[in-house]
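Position 1 is the first residue of the sequence, and the numbers go up from there. Both ligands and their constituent atoms are indexed starting at 1 by order of listing. Scope of the values below: all heavy atoms of this structure, side chains included, with no hydrogens, waters or symmetry mates.
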Amino acid sequence: MPETATLPLPVARSVADLRRTVQAWRAAGLRIGFVPTMGALHAGHLSLVEMAGARADRVVVSIFVNPTQFGPNEDFTKYPRQESSDAARLAAFGVDLLYAPQVEEMYPAGASTVVSVGKVTDRLEGVYRPGHFDGVATVVAKLLNQVQPHVAVFGEKDYQQLLVVRRLVADLDIDTDIVPGPTVREADGLAMSSRNAYLSDDDRAVAASLPSVLNFVATQLRTGAEAGPLLEAGRNRLLKAGFAEVQYLDLADATTLAPIEKADRPARLLVAARLGNTRLIDNVAV
Ligand code: PAF
């Protein structure tokens, strides 16, 4: 059990403790903002926290490395866990409550309900990470039900996840506004991600080609060019730069994620590629 006494902001470890605090805020007429995270916080997360703070009177951030959204061969056990430094950053950003439950609190013995969002999960991450979005949808439904925020901020870095959450909230009549937070990038364009910490120095240098290829392809697509040859050229550039595998580089309708041939409507260019054992994803609006 992690130490709570030493953390520099109030912490709830149980649903009951969380509810006591948020229900008192609601009773006082305060607006609640929420940012769900898996910890290992970086400037991208903190920008979401700032967005929540600008839209609410009180901000709750959760840190929970959710086992149900990791596949059997994925990085659940090695996912970085650094609660005290995360808590210090959240306190410095004026977060009012950290919600950091243990796995047993979120999934007590006997828990057997799974939330599964259809259609928008069929492609892209849904293909390469089977079961991932069931885990995400289940934990997000639980977190939104536990925190009952007026507004919750989700990063556009995980664009398909953002669409899954929007669908879930609409379909289950959850009374929370979902606000997208723009991707925050390193100086060379690499999207900030807790998984960037896995990259060796050599791989980190190669990783910078991901946003540059995305931007190259997106710029051409914005002129109305056919997607097929550009996507092929983009995949080849990534392999040549040193990526071991390009799982997808796709142009999709920005709302449904259906594949499209031209950016003749609001569209998104999305990529997933592997460098050694690290899988990186990114996307841009077209
Ligand atoms: O984006 C994440 O960090 C996670 O998928 C989320 C939304 C916190 C659910 O575990």
Side-chain angles (χ1 to χ4, degrees), residues 12 15 18 33-49 51-52 59-71 74-83 86-87 89-90 95 97-107 111 113-117 120-121 124-126 128-149 151-169 172 174 176-184 191-198 270 272 278-283:
V15 179
L18 169 74
F34 177 49
V35 181
T37 82
M38 298 206 298
L41 303 179
H42 49 67
H45 294 112
L46 298 172
S47 75
L48 306 182
V49 169
M51 289 181 67
V59 174
V60 181
V61 172
S62 63
I63 295 181
F64 179 65
V65 185
N66 173 36
T68 66
Q69 69 187 76
F70 289 79
E74 294 186 351
D75 54 343
F76 174 66
T77 44
K78 81 164 183 177
Y79 199 85
R81 288 157 171 91
Q82 47 185 60
E83 187 177 270
D86 285 347
R89 304 189 86 178
L90 295 176
V95 167
L97 181 69
L98 168 60
Y99 176 44
Q102 295 292 295
V103 173
E104 301 70 34
E105 180 72 8
M106 286 299 271
Y107 299 109
T113 299
V114 173
V115 179
S116 194
V117 174
V120 76
T121 55
L124 308 169
E125 293 300 285
Y128 288 93
R129 301 187 69 189
H132 168 67
F133 285 126
D134 284 359
V136 170
T138 303
V139 82
V140 169
K142 286 172 69 70
L143 287 166
L144 293 178
N145 198 27
Q146 291 165 354
V147 179
Q148 302 203 352
V151 58
V153 190
F154 287 79
E156 287 183 335
K157 157 80 174 29
D158 294 299
Y159 188 78
Q160 192 171 12
Q161 169 174 282
L162 171 67
L163 296 186
V164 168
V165 170
R166 284 205 156 129
R167 189 73 260 161
L168 159 87
V169 162
L172 298 184
I174 296 175
T176 299
D177 283 344
I178 302 300
V179 174
T183 301
V184 177
M192 289 201 182
S193 161
S194 308
R195 290 190 167 100
N196 293 351
Y198 300 154
L270 305 104
T278 308
R279 195 172 172 275
L280 298 178
I281 62 170
D282 200 351
N283 69 86

Side-chain contact test, heavy atoms from C-beta onward, threshold under 4.5 Å: evaluate it for [X] versus [Y] and give yes or no.
{"X": "Phe34", "Y": "Tyr99", "result": "no"}
{"X": "Ile281", "Y": "Lys157", "result": "yes"}
{"X": "Arg81", "Y": "Ile63", "result": "no"}

**Prompt:** Salt bridge check: are Glu105 and Lys142 linked by an N-O gap of less than 4.0 Å?
**Reply:**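 Looking at Glu105 and Lys142, the cut-off is not met.
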
**Prompt:** For ligand 1, which atoms sit closer than 4.0 Å to a heavy atom of Pro36?
**Reply:**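 Atoms satisfying the 4.0 Å criterion: 8 (C).
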
**Asked** If you count the atoms of ligand 1 from 1 in the order shown, which ones are under 4.0 Å from a heavy atom of Val139?
**Response**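 In order of numbering, the contacting atoms are 9 (C), 10 (O).
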
Closest protein heavy atom (residue, atom, distance) for [atom]:
{"atom": "atom 3 (O) of ligand 1", "value": "Met38 CG, 3.6 Å"}
{"atom": "atom 9 (C) of ligand 1", "value": "Gln69 OE1, 3.3 Å"}
{"atom": "atom 5 (O) of ligand 1", "value": "Gln161 OE1, 2.7 Å"}

**Request:** Without swapping roles, check the side chain of Gln160 against the backbone of Val120 for a donor-acceptor pair under 3.5 Å.
**Result:**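 Between the backbone of Val120 and the side chain of Gln160 there is a qualifying donor-acceptor contact (under 3.5 Å).
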
**Proximity to ligand 1 by part of Thr37, non-hydrogen separation under 4.0 Å** =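 Thr37 to ligand 1: backbone contact only, side chain stays beyond 4.0 Å.
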
